[in-house]
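Step one of this worksheet: look at the structure below.
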There are 2 protein chains.
Amino acid sequence: MGKNIPVPAIERLSKIYTVVSGLKKSDKKRISSAELESLTGIQAHSIRKDLSLLSPVKSGKEGYSTDSLEELVSATFGFNRKRRICVAGLDMLGMAILNNPDSALSGFEIAAGFDNSINRMEMITTKVPLYHFYEIEETVRRLEIEFAILAVDAEGAQKTADRLLAGGIRGILNFSPVILEPKLNLLVRNIYLLEELRLLSALLAQDPVPLTRGQTGAASPDKGNSEQYK
Amino acid sequence: MGKNIPVPAIERLSKIYTVVSGLKKSDKKRISSAELESLTGIQAHSIRKDLSLLSPVKSGKEGYSTDSLEELVSATFGFNRKRRICVAGLDMLGMAILNNPDSALSGFEIAAGFDNSINRMEMITTKVPLYHFYEIEETVRRLEIEFAILAVDAEGAQKTADRLLAGGIRGILNFSPVILEPKLNLLVRNIYLLEELRLLSALLAQDPVPLTRGQTGAASPDKGNSEQYK
DNA sequence: TCCTATCTGTGAATTATTTCACAGATAGGA
DNA sequence: TCCTATCTGTGAAATAATTCACAGATAGGA
Ligand SMILES: NC(=O)c1ccc[n+]([C@@H]2O[C@H](COP(=O)([O-])OP(=O)(O)OC[C@H]3O[C@@H](n4cnc5c(N)ncnc54)[C@H](O)[C@@H]3O)[C@@H](O)[C@H]2O)c1
Ligand SMILES: NC(=O)c1ccc[n+]([C@@H]2O[C@H](COP(=O)([O-])OP(=O)(O)OC[C@H]3O[C@@H](n4cnc5c(N)ncnc54)[C@H](O)[C@@H]3O)[C@@H](O)[C@H]2O)c1
């Protein structure tokens, strides 16, 4: 179980999990690697290989059991346990995320929102409890919040990340256009809108356009070489 | 020039470009691969290797010239040409993006917004011209819009993508939680919030937590095997 | 001008990931 | 029960990406 699964495989397996758990609502009891390929775009080859890195799923002539497949990935990666998250920065982007219907984040619970503008917070109506920037550390610790969605402006990003980490946060989804200092014990995935657009440009400039290759997950595990952790 | 650069290298080079062009405002004229490493988290090794895939930059004992480095990447990937983009779906997320200051998207111009709710559009004040869903195809073609940011709800995602493509769009940044059908001549990068959170969970479940490895870019080039393009 | 310290550029070696191909397992029918 | 068609599971092979290590280039000082 604790075997080391390559990051690209983790990304694919998460996507497979998403698709399979979406499928479960329908009556589908079994699914083959070929069907999964057409739903996810991941090659059947890779799907079987990836699953073989986990403990065995219940399979047979008619493919995998959707139940046991979901259960297996879920257990391996801890998707069954509900995790508390928070949103830092409550301007338009942060509010859009805060107002997401719960169902859109199934498995996660938005337990707090943070901003440094009292005015702004007073104008907001939401059922998520809101706190000031100064209360980040204490609140994250008290509510045992594990992940943060960072949607503050560029100037505030690093110091907000520092506070979150001081409170014991384990991972950050960083929407701000800032490269956060790498820290030991902190996972960062960056969602850089401008970078994504540039990437589209760059891929378009390739010849041939590389449609046929590539990962499956999403943003970027933050790179860091062991020397520079602070 | 038209040599084929691996996708992970493209992702790194785009990030390097972002950092270097941010730097240029300051007086820095030259930068070494080691300095770039500490700014980007990408190892100096890789930076030099990646740059060696492009035509030569002006370098010397004191590292790369920031000007020629920026110029080189920019020319290779077409970052110098301004591209028109659009936003489809103007609820909270779409509006957050529409209201982004221009500077935040330098190199891109938001030339249109689309929604299928007339009511919603009448309430919006913005300098970006807005159009109805029905006008997508014609407008994309007329304004020569190259990329779209897709922020419609799940039900509308595929049909909106189809309209955009019919208008000749080249790439989509997909924020909706839907796996779009792969199409030839269409680049898709997905930004799946829930997936990202799951990935954080999954990475945390690894032992050791894989901080030291990983790409640099951001979201996911959509996988597709050549058979299934429609 | 020559020497030296610094930093790049890049083949070669290493490591990681994907793809292949086929043996084995299963379900369903004869 | 046995046979067959289907689909998984997984080592081995192929491919891709990263890291290494060092030759060569440059700037600045003696
Ligand atoms: N809000 C978030 O935090 C968040 C984060 C990540 C992703 N997303 C996804 O982004 C999308 C947008 O989310 P949202 O929070 O802005 O709210 P939403 O999903 O309610 O917004 C949908 C908007 O798209 C419009 N729309 C629907 N069908 C359309 C069509 N065919 N053509 C044009 N417009 C159409 C609707 O009128 C509405 O304005 C959703 O798919 C959501 O799942 C949201
Ligand atoms: N709007 C977009 O389309 C978009 C897309 C991708 C990324 N981003 C990035 O996401 C971030 C949020 O963007 P936005 O459009 O919501 O507007 P914004 O950048 O104006 O919002 C910043 C919010 O963070 C708050 N803030 C600032 N410093 C803080 C601190 N130290 N602690 C807590 N809160 C703090 C501010 O009060 C404000 O509410 C920005 O970094 C932006 O670049 C925006």
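Residue numbers start from 1 in every chain, and the chains themselves are labelled A, B, ... in the order their sequence lines are given, proteins ahead of strands.
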| Picking from C/dT8, D/dG28, C/dT19, which would you name as closest to the side chain of B/K61? | D/dG28
| message | Could you tell me if the side chain of A/F175 sits less than 4.5 Å from the side chain of A/L93, heavy atoms only? | response | yes
| message | Quick test of your reading of the model: are A/R170 and A/E146 salt-bridged, counting only N-O distances below 4.0 Å? | response | no
| query | Reckon A/R30 has a side-chain N or O less than 4.0 Å from the OP1 or OP2 of D/dC7? | reply | no
| said: Quick check on C/dC20: is either OP1 or OP2 less than 4.0 Å from any side-chain nitrogen or oxygen of A/H45? | reply: yes
| said: Can you tell me if B/S46 touches the phosphate of D/dT19, counting only side-chain N or O atoms and a distance under 4.0 Å to OP1 or OP2? | reply: yes
| said: Would you say that B/L36 contacts B/V20 through its side chain, given a criterion of any heavy-atom pair below 4.5 Å between the two side chains? | reply: yes
| said: With no hydrogens and no angle check, just 3.5 Å: does a side-chain donor-acceptor pair link A/E62 and A/S32? | reply: no
| Which listed nucleotide (C/dT18, C/dA27, D/dT8) is nearest to the side chain of A/E62? | C/dA27
| field | Spacing of B/K49 atom NZ relative to D/dT18 atom C1', expressed in whole Å | value | 9 Å
| said: Rounded to whole Å, please give me the gap between CG in B/L69 and C1' in C/dC7. | reply: 14 Å
| field | Spacing of B/I31 atom CD1 relative to C/dT6 atom P, expressed in whole Å | value | 19 Å
| request: Give a yes/no on whether any side-chain N or O of A/Y64 is located under 4.0 angstrom from OP1 or OP2 of D/dC7. | output: no
| What is the distance, rounded to the nearest whole Å, between atom CG of B/L72 and atom P of C/dG9? | 10 Å
| said: Checking contacts here: which listed nucleotide (C/dG9, D/dT8, D/dT18) is nearest the side-chain heavy atoms of A/R48? | reply: D/dT8
| request: Report yes if a side-chain nitrogen or oxygen of B/R12 is closer than 4.0 Å to either non-bridging phosphate oxygen (OP1 or OP2) of D/dT18; otherwise report no. | output: yes
| request: Indicate whether any N or O donor in one side chain lies under 3.5 Å from an N or O acceptor in the other, for B/T66 and B/R30. | output: no
| said: Quick check: on DNA chain D, is the nucleotide nearest A/L51 upstream (toward 5') of the one nearest B/A9, or the reverse? Name the residue that is more 5'. | reply: A/L51
| task | Any ring-ring contact (aromatic ring centres under 6.0 Å, His included) involving residues 14-37 of chain A? Give me the pairs, sequence neighbours left out, ordered by first then second residue. | result | A/Y17-A/F79
| Below 4.0 Å: OP1/OP2 of D/dC7 and any side-chain N or O of A/S33 | no
| field | Atom-to-atom span, CD1 of B/I10 to P of D/dA16 - whole angstrom | value | 14 Å
| Integer-rounded Å distance: C/dC7 P and B/L36 CG | 13 Å
| said: Quiz question: by atom type and distance under 3.5 Å, do the side chains of A/S176 and A/N174 form a donor-acceptor pair? | reply: yes
| Where are the stems of DNA chain D, defined as at least 3 consecutive Watson-Crick or wobble G-U pairs with both distances under 3.5 Å? | C:1-30 with D:1-30
| message | If I take atom CD1 in residue A/I47 and atom P in nucleotide C/dC20, what distance separates them, rounded to the nearest angstrom? | response | 15 Å
| said: Measure CD/B/E35 against P/C/dC7 and give the value in whole Å, please. | reply: 8 Å
| query | Under 4.5 Å between any side-chain heavy atoms of A/L54 and A/I5, yes or no? | reply | yes
